[in-house]
Amino acid sequence: MAQFGVQRNAPNWVSQITAAVVSQPVLRDSAVVERTNLLNMAKLSIKGLIESALSFGRTLDSDYPPIQQFFVVMEHCLKHGLKVRKSFLSFNKTIWGPLEIVEKLCPEAEEIATSVRDLPGLRTPLGRARAWLRLAMMQKKLADYLRCLIMRRDLLSDFYENHAVMMEEEGTVIVGMLVGLNVIDANLCVKGEDLDSQVGVIDFSIYLKSEEDDLDRQGRNMQIAAILDQKNYVEELNRQLSGTVSSLHTRLDTLEKSNTKLIEELAIAKNNIIKLQEENHQLSSENAMLLMRAHYHLEAIKQSAEDKHTNQHSRHGLYDLYADSCTQHQEDSQTQHDVDIELEPARMQHEIELAVQLLEKDIQDKHDTLVGLKEQLEEVKAINGELYQKMQGAEDDKSSVTDALEDKSGYISAAVRSLDHSDQLVLNQTRSIGISYGKEVAVESTPQYKVIKDISF
């Protein structure tokens with residue numbers, strides 16, 4: 001049975017409660033009386049705590065006497081009808097067992113259970129249970145956690161007897177009254193408190209009211225109403241701020257996602273820039289190679305232009321030589337014609353001998369000229385072949401040089417054939433001269449040249 005410390009000078013109100021309890025039939029179950037007493041004390045403790053907290057008008061701390069007494073009353077309520085659990089060393093009777101299973105029934109309580117286990121300085125299960133009650137009070141979830149606990153009577157039966165407060169209707173009433181504590185803001189210091197060795201004795205003096213307190217009750221009620229209105233306003237403002245915070249969190253998440261996406265796009269852009277830089281470097285290398293090739297190609301074109309200029313100079317020289325040969329041949333033809341007209345019969349033999357000698361000399365000179373022209377023709381052909389090999393990979397305009405050289409070669413060949421023909425004409429003219437004077441001119445033909453060997457009259 002719970003122990004209550006009652007002062008000797010208690011007023012008539014306590015005497016009336018005691019007389020009412022004593023006046024019950026003797027056969028009444030003592031467990032029912034204990035549950036009723038605990039229920040009444042819980043009502044007084046919760047009501048006094050709410051009234052004093054609203055009149056106090058500030059956040060409550062651990063040194064506030066009504067809140068200390070409230071935890072003492074709750075501890076007595078939770079200890080009522082608790083089964084003795086045997087261990088290897090001693091018999092254990094603590095309220096930490098049923099409070100510990102709340103985290104399995106309500107996942108929100110897992111945080112405070114973990115915090116209680118991690119608190120330094122708590123050595124006993126009773127100290128952990130007291131810390132758990134204080135943390136649940138600060139979270140304003142004490143009523144919710146205990147409601148989850150009393151709804152599972154099958155689990156509570158492992159810790160409580162059937163007549164315990166937590167197993168009967170009184171426990172449900174007490175949990176329902178705990179909802180009113182949600183209007184209280186408490187800031188309780190759990191770390192550093194000696195919760196293991198505290199003595200849980202109920203002090204009735206804070207619940208005994210004097211006549212002056214009755215006179216001031218109406219004024220306090222008005223203050224309480226004003227404070228409640230203010231608290232409702234603050235709670236409404238808090239809900240609005242919570243909604244704003246939620247929207248800001250949502251916006252923050254959206255911005256974080258956008259930021260992550262932008263970071264990914266930035267990484268992709270950097271990779272693309274690196275690839276483009278590599279391609280630019282490769283293109284620069286190829287451009288340098290192309291410039292080098294173009295430079296070499298330009299040098300080759302310049303060299304071919306110089307060769308072309310040399311060939312043109314050679315061609316002009318050949319043209320001049322051929323023109324001189326033609327002029328000389330014409331002069332020779334004219335001289336021969338003049339000789340044919342002007343020769344007289346008396347000087348015919350001497351002049352014919354001189355003419356033959358001159359013709360032999362002229363033929364020999366022309367033969368030498370022909371041999372030189374053939375050698376030059378061979379050189380021109382060799383140069384043409386070399387230029388043709390050099391100019392195979394050049395542009396189309398280079399082919400005109402080769403065509404010009406080929407035309408030149410053809411022209412020189414025609415010139416050589418014309419010289420051969422002119423020689424034949426000279427020989428024929430010589431024969432005709434000898435025949436006209438009744439003499440025979442003997443001519444020897446060789447593969448290289450033709451020479452007049454003998455002229456007989």
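These numbers were taken from a predicted model, which means no experiment stands behind them.
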Note, Leu133 side chain near Tyr145 side chain (heavy atom, < 4.5 Å): no
Min side-chain heavy-atom separation Leu255-Asn259 under 4.5 Å: no
Other residues, nucleotides, ligands: >12 heavy atoms within 6.0 Å of Glu169 CD: no
CD/Glu108: more than 12 non-hydrogen atoms of other groups inside 6.0 Å: no
Arg123 atom CZ, over 12 foreign heavy atoms within 6.0 Å: no
Flag side-chain contact, heavy atom, 4.5 Å: Cys77 against Val73: yes
Within 6.0 Å of CD in Glu235, more than 12 heavy atoms from elsewhere: yes
Asp362 bridged to Lys366 by N-O distance under 4.0 Å: yes
Test: Arg134 cationic atom under 6.0 Å from Phe71 six-membered ring centre, within 45° of axis: yes
Salt-bridge contact Asp144-Lys141 (side-chain N to carboxylate O under 4.0 Å): no
Salt-bridge criterion met for Lys79 and Glu75 (N-O under 4.0 Å): yes
Spacing of CG belonging to Leu188 relative to CZ belonging to Arg130, to within rounding of 0.5 Å: 14.5 Å
Salt bridge (charged side-chain N to carboxylate O under 4.0 Å, His left out) between Arg239 and Glu236, intermediate numbers included: CA-CA 5 Å; Arg239 283 193 295 270; Glu236 181 66 24; 2.3 Å; yes
Side-chain heavy atoms of Glu286 within contact of Leu283, under 4.5 Å: yes
Salt bridge Lys261-Glu256, side-chain N to carboxylate O under 4.0 Å: no
Short N-O contact, Lys140 and Asp185, less than 4.0 angstrom: yes
